[in-house]
Amino acid sequence: MPHMAIEYSANLDQKVDVAELCALVSRTILGTGLFEPGAVRVRAFRAEAYAIADRLPENGFIDMNFRIGKGRTAEEKKSAGEAIFAAVTDHLSPLFAAPHFALSLEIREIDAELSWKKNSIHPRLRGK
């Protein structure tokens, strides 16, 4: 149950290949070794309306919300967050050259008792 939702300002369309960003995040999540491949979901949502900081039209953002199930240590969660944030920061380094970009990541644990799932991908990837 690692689900990454990436929200981004519409003014980044010409600056960021969002499909490649999603692929990078997926590879990085899997590269941590902490999550089962069949559970990883990465998706992006374009924000048409937004007001950032001093509302200059050049201001842009990417906000990553990473929801995971319980069962990992604090060190594992921190390590995963650092790996994802470092990979995305490196990938987006040109955006930091101008003072108009904000990047954020938050990890949230899901309460299993309040989360329902059905997945036919797991058995296929587990070879069952």
message: If you compare all heavy atoms of T32 against all heavy atoms of A83, which two are closest, and at what distance to 0.1 Å?
response: CG2-CB, 4.5 Å
message: Distance check, rounded to the nearest 0.5 Å: I29 atom CD1 versus M4 atom CE?
response: 4.5 Å
task: Determine the minimum heavy-atom distance between G60 and N11, stating which atoms define it.
output: CA-OD1, 3.7 Å
- prompt: L103 versus M64: any side-chain heavy-atom pair under 4.5 Å?
  reply: yes
task: To the nearest 0.5 Å, tell me how far E76 CD sits from F35 CZ.
output: 8.5 Å
message: Count I, L, V, M, F, W, Y as connected when their side-chain heavy atoms are under 4.5 Å apart, and connections chain through other members. Are V42 and F61 then in the same cluster?
response: no
- line: Residues P99 and N59: closest non-hydrogen pair is O-OD1, 4.4 Å
- prompt: Got a second to check how far F85's CZ is from K78's NZ, nearest 0.5 Å?
  reply: 13.5 Å
- request: Taking all non-hydrogen atoms of both residues into account, name the closest pair between I52 and S9 and its distance.
  value: CD1-CB, 4.3 Å
field: Rounded distance (nearest 0.5 Å) linking atom CG of L30 with atom CD of E36
entry: 10.5 Å
- prompt: Can you tell me how far the CD1 atom of I62 sits from the CG atom of L12, to the nearest 0.5 Å?
  reply: 5.5 Å
- prompt: I110 and S115: which non-hydrogen atoms are nearest, and at how many Å?
  reply: CG2-CB, 3.5 Å
- request: Would you check, one step at a time, whether the test side-chain contact (heavy atoms from CB on, under 4.5 Å) holds for E7 with N65?
  value: CA-CA 8 Å; E7 186 178 359; N65 181 5; over 6 Å; no
- prompt: Short question: side chain of R55, backbone of A53 - any donor-acceptor pair under 3.5 Å?
  reply: no
- prompt: Can you name the closest pair of heavy atoms from Y50 and A10 and give their distance?
  reply: CE2-N, 3.5 Å
- request: Hey, could you give me the NZ/CG distance between K15 and L95, rounded to the nearest 0.5 Å?
  value: 6.5 Å
Show which side-chain atoms of residues 16-23 pair as donor or acceptor with protein atoms under 3.5 Å away, not counting sequence neighbours.
unit_1	atom_1	unit_2	atom_2	d
D17	OD1	A19	N	3.2
D17	OD1	E20	N	3.1
E20	OE2	R27	NH2	3.0

query: Testing K77, R67, K70 for salt bridge (charged side-chain N to carboxylate O under 4.0 Å, His left out) with E109, which one passes?
result: K77
Contact check, side chains of V25 and F66, non-hydrogen atoms, under 4.5 Å: no
query: Residues two or more places apart in sequence or in another chain: which of them pass salt bridge (charged side-chain N to carboxylate O under 4.0 Å, His left out) with E75?
result: none
